[in-house]
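Quick note on labels: first sequence line is chain A, next is B, and so on, each numbered from 1. For clarity, every value in this text was computed on a predicted model and none was experimentally measured.
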Amino acid sequence: MKYAVWILVALLVVLHQDYWQWKNAQLDFAFLPRAITYHIFISLAAAGVWLLVIKYAWPVGSDEDPVNGSWEDVES
Amino acid sequence: MIQLGVILVYLGLLVGLGFLANRLFRGTASDFMLASHSIGPLLLLMSLFGTTMTAFALVGSTGRAYTLGVGVYGLLGSASGIIHSLCFFVIGVPLWRLGKRYGYTTQIQFFRDRLENDTLGLLLFPILVLLVICYLMLGVVGGGAVVSAVTAGAFESQGWFAAEGYGVPAWLASAVICGVVLTYVLFGGMRGAAWANTFQTSVFMVLGLVTFIVVANAIGGRDSFLENLQGASQAVSESQLSREKIPQPVYFSFLLIPLSVGMFPHVFQHWLTARSAEAFKLPIVLHPIFIMILWVPCVLLGVWASASTSGVPPGTPENAVLATLVKMHAGPVLGGLLTAGILAAIMSSLDSQFLCLGTMFTQDLLLRYCGNKELGDQRTVFMARLFIVVIVMITYLLSLFLPRAVFDLGLWSFTGFTGLFPLAVAALYWRRLTAAGAIASVLTVLASWLILFWRSGFGTNKRYGFPEADMNLGVPMMLPVVAITVASAVVLVVVSLLTTPPSKATLAKFFDGEGRRLV
């Protein structure tokens with residue numbers, strides 16, 4: 001799963017380069033230029049993918065010192 | 001005049017916030033610089049967002065969309081949504097853990113410790129300060145331009161400032177903005193900056209949306225909001241609604257620009273204010289949405305401004321497009337509030353940048369070479385404040401003599417930071433990185449940045465790209481950031497492989513026996 005979410009991040013970067021609709025001046029809903037509509041979806045997808053990353057690829061025990069125990073122990 | 005009054009009230013509120021934060025100030029250098037690592041998820045989200053969104057995001061995006069069209073959102077808006085969160089996750093979280101564990105306050109402390117080398121710190125310090133000054137100028141120039149454009153005509157009856165269209169001159173507005181931010185940073189320290197950022201981020205997001213609705217209704221001139229949106233967009237030329245004005249290789253190379261966040265010293269400092277690593281989760285997920293909420297309206301406003309129905313005179317300077325729209329289509333009270341919103345975005349970056357410069361000066365130079373015991377906490381905070389005042393004065397004076405489009409000024413600053421990004425990644429993830437490799441990489445960034453900045457006419461050639469048209473290298477022309485970053489990474493790897501890595505004892509602080517990061 002960890003690798004799958006990183007593949008999704010890479011896919012987002014690839015999909016960001018949407019050269020196939022470069023000269024598309026179409027207005028969605030008669031007001032939103034296609035280049036913006038598409039990239040709104042990219043932004044929403046980015047939030048979704050980052051949600052998956054923090055759920056499945058978050059470093060285990062990231063608030064704790066893997067060697068010496070918790071940060072509080074280290075500070076004290 | 002009413003607009004000016006509203007702006008002054010807003011600036012007064014910020015100064016009050018700084019005094020309020022000062023009442024909670026614990027008097028220690030750690031509290032002044034890192035708010036005693038007390039910042040939770042919501043404040044971290046707002047302060048990181050407020051810090052990364054500057055005049056570049058509001059004034060620059062609207063102005064550049066006015067000339068280049070709708071592609072500006074994909075160019076930097078949606079790209080930043082992906083890349084900024086990536087930086088928070090792969091650089092921010094590990095650096096927070098290392099900072100907490102080994103007591104780092106600045107990036108230079110980390111690099112010096114990781115590579116057992118003082119020279120690297122001495123080399124990085126002036127480079128980072130130079131790049132932050134370029135970035136600071138974005139806010140100082142952008143803020144002055146906005147206030148000047150919005151208040152034009154306010155002093156007509158008094159006959160003041162005739163040369164500036166009877167409005168507040170940009171130099172005066174920039175000076176007042178610097179003064180206000182200095183006040184709340186000097187009194188409130190990092191806690192004041194984090195509070196002010198949260199307050200200002202809320203202000204500019206809400207007022208940004210209000211601006212969008214007000215201008216759309218004014219330009220559309222029809223009954224419903226949806227019809228007004230449709231009217232405003234349909235009046236725009238086809239070339240503005242597509243991306244035909246942006247070459248594809250340039251669009252691709254813009255993807256590297258948001259990587260600069262990974263090396264911003266002020267963002268590093270905000271990362272270290274986090275209460276826990278868990279606090280990073282909210283900013284990582286919501287940052288792309290926040291960018292969308294801010295950038296989409298700004299880009300649409302810029303595109304609409306290019307149509308004759310907007311009333312914006314053809315040839316309006318990019319920096320003045322947003323302010324002109326606000327002035328033309330909002331009443332005086334709302335116009336003042338909207339201008340305050342624009343200033344909020346600008347000042348929420350300036351404060352962190354001011355503070356990080358003071359922190360770097362005291363931590364990387366003063367305490368390193370004078371010693372903590374000799375200085376003490378009170379004197380350290382005093383010296384940090386003094387350095388901040390000096391740098392702000394230098395930046396302000398430079399902004400008077402080096403006026404340039406906000407967008408281009410920002411790009412050159414971000415280009416330098418992105419060039420240093422390979423160093424940040426290698427220091428965290430590559431055990432084989434050496435001090436010589438890091439120094440060679442930093443020198444490569446410095447040399448290539450200076451050469452290309454000079455070749456671009458010191459930023460005046462907005463279309464400058466590398467390789468230049470007459471070089472015939474078989475590579476399409478892209479933003480200079482690509483060449484600088486590639487050169488930096490190649491030099492870093494090659495020189496590191498040819499030289500000796502840090503001692504095993506130092507490596508053991510950061511990596512386990514199999515080369516995995518310890519924290």
Contacts satisfying side chain to side chain donor-acceptor pair (under 3.5 Å) that involve residues 3-13 of chain A (not counting sequence neighbours) are none
Can you tell which part of A:Q26 gets under 4.5 Å to a heavy atom of chain B, answering side chain, backbone, both or neither? neither
If you count heavy-atom pairs within less than 4.5 Å of chain A, which of B:L86, B:V299, B:I291, B:I289 leads? B:L86
Any non-hydrogen side-chain atom of B:L255 less than 4.5 Å from a side-chain atom of A:Q17? yes
Using a cut-off of under 4.5 Å on heavy-atom pairs, state which of B:H287, B:Q234, B:M292, B:Q248 scores highest against chain A. B:Q248
B:I82 portion near chain A, given a 4.5 angstrom heavy-atom threshold: both
Can any side-chain N or O of B:S242 pair as donor or acceptor with the backbone N or O of A:A25 at less than 3.5 Å? no
Kindly say whether the aromatic ring centers of A:W50 and B:F88 come within a distance under 6.0 Å. no
Greater than 12 external heavy atoms within 6.0 Å of B:K245's NZ: yes
Apply side chain to side chain contact (heavy atoms under 4.5 Å, CB included) to B:L300 and A:I36, showing your working. CA-CA 9 Å; B:L300 281 174; A:I36 290 193; 3.9 Å; yes
CG (A:L27) and CG (B:L229) are apart, to the nearest 0.5 Å, by 11.0 Å
Could you pull out every donor-acceptor pair under 3.5 Å between side chains of residues 71-80 of chain B and any protein atom, sequence neighbours left out?
residue: B:Y73; atom: OH; partner: A:S43; partner atom: OG; Å: 2.5
residue: B:S78; atom: OG; partner: A:H16; partner atom: NE2; Å: 3.3
residue: B:S78; atom: OG; partner: A:H39; partner atom: ND1; Å: 2.8
residue: B:S80; atom: OG; partner: B:L76; partner atom: O; Å: 2.5

Between A:K23 and B:E238, does a side chain to side chain contact (heavy atoms under 4.5 Å, CB included) hold up when you go through it step by step? CA-CA 9 Å; A:K23 294 191 175 175; B:E238 269 206 10; over 6 Å; no
Just so I know, are the side chains of B:F280 and A:I54 near enough to count as touching, which here means a heavy-atom distance under 4.5 Å? no
So, the part of A:I40 with a heavy atom under 4.5 Å from chain B: the answer is both
Restricting to non-hydrogen atoms, name the atom on B:V285 and the atom on A:A47 that form the minimum distance, rounded to 0.1 Å. O-CB, 3.4 Å
Check whether A:F29 gets within reach of chain B through its side chain, its backbone, both or neither, counting any heavy atom under 4.5 Å. backbone
Among B:V236, B:L226, B:I246, who wins on heavy-atom pairs under 4.5 Å with chain A? B:I246
Decide if atom CZ of A:F41 counts as having more than 12 heavy atoms of other residues, nucleotides or ligands within a radius under 6.0 Å. no
Please work out whether the ring planes of B:F89 and A:W58 are parallel, tilted or perpendicular, with thresholds of 30° and 60°. tilted
